[in-house]
Each structure stands twice: as structure tokens, then as C-alpha cells.
Amino acid sequence: MSQRIRFTSTRGQTPPVEFDEAVLKGFAPDGGLFVPDHLPHFIPDELTDMAGLSYPDLAFTILSRFIAPDIIPGRDLKKLIRGSFEGFDHPDILPLVACPVDPSVLILELFHGPTLSFKDIAMGFLIRVMDYLLRKKGEHLNLVLATTGDTGPAAAHASVGRPAVDCWPLFPLGMITEEQERQMTCLDAPNVHPVGVENCPDGGDDLDRVVLNLFSDPDLKKELGLSSVNSINWCRVMVQSIHYFYGYFRACDRIGDPIAFSVPSGAFGNLFAGYLAREMGLPASGFICAVNANQTLFRAFSSGLFKKEDLIPTLSSAIDIVVPYNFWRFLYFAAGRDGQTIRDWMDRFHETHEIQLDAETLAAIRNGFKAVSISDVRTLETMRRCFSGPAPYLPDPHTAVSLAGALTLKPDFPAGTRIICLATAHPAKFPRITAQALEGELPPPSAVHPSLTRNAKTFRHLRICRLEDLETELIRVMRDKKGATHG
Ligand SMILES: *Cc1c(COP(=O)(O)O)cnc(C)c1O
């Protein structure tokens, strides 16, 4: 019998809570991130049995070890999982395909969900679970999130038809692609309220500040039922660990084969999920943390200096992130689950924007992890190279970062190691970058997607607001709405 998992905080000052509370709260009340008090472990015999499962069955096997049946009974959990993935447009849900330029590299496509990015994988499940738990309790939440591209569309789409939540994706007006904007604003859903925000010199960072402000007032949080679905939410990280098992099983001949993963990394949620999979027993031989010109993670792995610098806009905009907040979870495990240490480091980082990791912690984070920084020039070159070979494959710019990372660091792995690159977005989301990469070559059919073509001809509905009025206006409309429903 495995022991029931409870959730504590990386800052060590939150008494353990059950799964439902960790998911509905998002942030731990002490300002840390929720982490499980222990992890399930799968022995090789169990892994062999899991290797033949479909993605939904594998998801159930893993998730049911985290979620006790008195919180979500197995039958309901199965239904929630099935519902979360039935909108995916590939029978394998996450197909594994060959890389056209190197037979030892594989590509795991995580972008077959409704909004064509890997954010759909966990968001569909998270919002369904929130809606399920809230309805049981007779409660309602306002999900407020800042987005620079993919999180907003995934959250908006997942909220359609789930009356226990209202979704408020905030985006910097004119700073995301039209395709991404329309994925939020062309939905016909009374509980989805996209807000385009004018006058954001620092883009998403400006919006993050407003969201943090809203959340830092406990009375307001309670009054308006505010919560968050960004990758601070434990549920997203947990669901993302499944695709490492699935990719490994699809690629291996037998459990134990040397297989590594290359991951285009921004907030470090996806890669931290890979670490969790390894901790749960998956014999992955290593992980590549592939970043663009924003090098916070690269520096941390190279020298132990975890330092925030100014944001550099790049072609792989979803990973233009200078504070990868899931790195705190990773550091928490690397530093032996010591909340006091994380508290000291977090406080120092907030004050001075940098910390230097000690030699022991640096060795711990480097165990099996390598980092690489890929320039925009390299990104375009990789897209072109994959497309112009004998078996053309068009990666999106983020997938190109993980491919370039794998091709660069392959010599560092023992001969015979295969590398699975995580493909995190559909190329149709970035038509202008594709055109730039292909230099006038005719774009392939995979450069467009019917859902985006349809959106281009649909009414948009959105609110527009100036940054300086955003907080007051959000509070006002949420109060009005609450009055209208309950008054
Ligand atoms: C969010 C995102 C990433 C980065 O994932 P993290 O968990 O933030 O590291 C990479 N690629 C795409 C396309 C994304 O939307």
C-alpha cells in the first residue's frame, strides 16, 4: 500500500494540504510553490507493464498515485482524463516522429491539442479538475492569468462550458501574434473574458505585476474567489511528467535503454516535470535544458549563478522568460527539501535579483542536466535544415530550439543514446517566422491549420484597458458580475 501524498510548500511554512486544496489555491499561502511530500515510485517490472498503455491509460496509472479516490474517485478521474484529451487531433495524442536530419534524434509532438501548443496537455485537465472540485463544493473561482502567447489560449479554451470558473486572460495588446490573440477572442463563451492591455513597456512582466498585486490581498482574493492556472499550479507540472514516460516507452526497445530529452525551456515547468519522472523511476539518461538568448537557466547550470537580467525579445517568444519560477521547485529538491534554505534564497533573489549556488547544490542540479543557449540565427537555420532535407519536417521556432540543443549536445552523451526533442508548438502559430526561415520557399501544408484559418474570419470580443487602470477595472467588473449572479 503506498502512502497518501500530501502537499507542502517550497518555503516550508505551510501545513500539509490535500490535492484539492493545492490545486484550487495555486500558490501556497506562505508565498512558496506546492510540492508533494513524497513521490510515487515505479519499479522496472511496473514500468514494463506501463510501456504498452495508451496515453490516457498511462495518465490514469500515474495520476491515480497522486490523487486519492476520496478526492476524485477512479471512475471520475478516468472520465476527466478522457475529456481532457478527446479534443486532440491525433490518434496517439502525442505522436513520436523521426527527426529528418539525424536518426538518433526523435520528436515528441505535444501540440495536437485545441490551441496547438503543449500548454493544452495540462490545462485541459487542470481546468476540468478545478470545475469538478468546485461544483462538488458549490463554489466558483475567477482564474486570472497574464499571457505572452500560449497559456491564455489554452486556459480560455479549457474554460469553455465549465460554469464553475470564469477565465480572465490578460495580454499585452499588439505584443502577441494575431493567431494567438484570436484563439482567445474568437471563442463564443460567456465565462471567458480576454483583456488586451495597452501601454505595457515590459510586456507580460507588467501584467504579472498586476496579477501578483491582486493575489497579494487576502481579503480581495477571498471576496472575488481568485486563483491561478499558470505553471505555479502543481497540477500542471504533475500532468507534464506523463509525457516523459510516454515518449520513453514509445522510443525504447526495453526499459533501461539510454534515452535523453531535450526541452525548450522558459518557466522550467516542463523540464521540472522530466526531473519528477526520473525521480519516479523512469530511467531517462539525461535532460537538455535548451534556451534562447534569455540565459537565466543556462547561467544557472553553467556556473551556479541564478540571476535575472533584462528580457531579450526573440523568435521563440514563449520562452522569453527571465525568472523561471519552477526552478524554485527544482532547487527545493536539489537542496534536500529544506524550506529554510529556499526561503533565504528566494528572499535574497527578490532583493538583489541574483543568488550564487554553492558547489554542492550546483553538483545536484547538474546531475543528468546539461544546458545550451540557441541564437535566433541558429533557430531559423534549424527550421530551414529540417525542412529542406529529403523528408521535409517543419518545426516551430520553439521546437527548433530543442532540436538545435539536441544536435549540439549529442556528442556529450554516450554513443547509442537517443534524444527525444519535445515539440511544444504547431508551426501554424508562427507563420511570419516560418516565412522568414524558408526564405521564399513555398510553405508546406503543415504551415497552416484549419482552426486558425476559421478564427481569422470570426468576430472578436475583447475588452481593452490601459495598464494603469487594469487593476481597478478588473475588480470593478468582477464585483459587478458577482452582484449580477447572486443579487
Ligand atoms: C510554455 C512554452 C514553453 C516553455 O515551457 P516551460 O514549462 O515554461 O519551460 C516552450 N514552448 C512553448 C511553445 C510554450 O508555449
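Both ligands and their constituent atoms are indexed starting at 1 by order of listing. Atoms considered below: every heavy atom in the structure, side chains included; atoms not considered: hydrogens, waters and symmetry mates.
- Aromatic rings from Phe330 and Phe369 are positioned such that their centres are separated by under 6.0 Å.
- The distance criterion of under 3.5 Å between nitrogen or oxygen atoms is not met by Ile321 with respect to ligand 1.
- With respect to Asp206 and Arg209, a salt bridge is recorded, a charged nitrogen being found less than 4.0 Å from a carboxylate O.
- The shell of residues lying under 4.0 angstrom from ligand 1, judged by heavy atoms, includes Ile319.
- Ring-plane geometry between Phe85 and Tyr55 is classed as perpendicular, the angle between the planes exceeding 60 degrees on a 0 to 90 degree scale with a lower cut at 30.
- Between Lys119 and ligand 1, a contact under 3.5 Å exists for at least one N or O pair.
- Every atom of ligand 1 is numbered from 1 in the order shown, and the set under 4.0 Å from a heavy atom of Ala425 is 13 (C).
- Ligand 1 places these atoms under 4.0 Å from at least one heavy atom of Asp150: 12 (C), 13 (C), 14 (C), 15 (O).
- Shortest contact from atom 8 (O) of ligand 1 to any protein heavy atom: Ala267 N, 2.8 Å.
- Considering all non-hydrogen atoms of both residues, Met280 and Leu39 come closest at CG-CB, 4.4 Å.
- Of all atoms in ligand 1, numbered sequentially from 1 with element shown, those under 4.0 Å from a heavy atom of Gly269 are 6 (P), 7 (O), 9 (O).
- Taking every non-hydrogen atom of Pro264 and a distance limit under 4.0 Å, the qualifying atoms of ligand 1 come out as 4 (C), 10 (C).
- In this structure, Phe7 and Trp234 have tilted ring planes: the angle between them lies in the 30° to 60° band.
- A salt bridge is defined here as a Lys NZ or Arg NE, NH1 or NH2 lying under 4.0 Å from an Asp or Glu carboxylate O, and Asp347 with Arg11 meets this definition.
- Nearest to atom 5 (O) of ligand 1 among the protein's heavy atoms is Phe118 CE2, 3.5 Å.
- When each atom of ligand 1 is checked for a heavy atom of Ser265 under 4.0 Å away, the hits are 9 (O).
- Residue Thr424 has at least one nitrogen or oxygen atom sitting less than 3.5 Å from a nitrogen or oxygen atom of ligand 1, judged on distance alone.
- Taking the six-membered ring for Trp and thresholds of 30 and 60 degrees, Phe333 and Phe272 have ring planes inclined between 30 and 60 degrees apart.
- Aromatic ring centres of Phe306 and Trp328 lie closer together than 6.0 Å.
- For a threshold of 3.5 Å applied to N or O pairs, the pair formed by Asn270 and ligand 1 contains at least one separation below that value.
- Shown here for Ala318 and His398, the closest heavy-atom pair between the two residues is N-NE2, 3.0 Å.
- Distance from atom 9 (O) of ligand 1 to its nearest protein heavy atom, with residue and atom name: Gly266 N, 2.8 Å.
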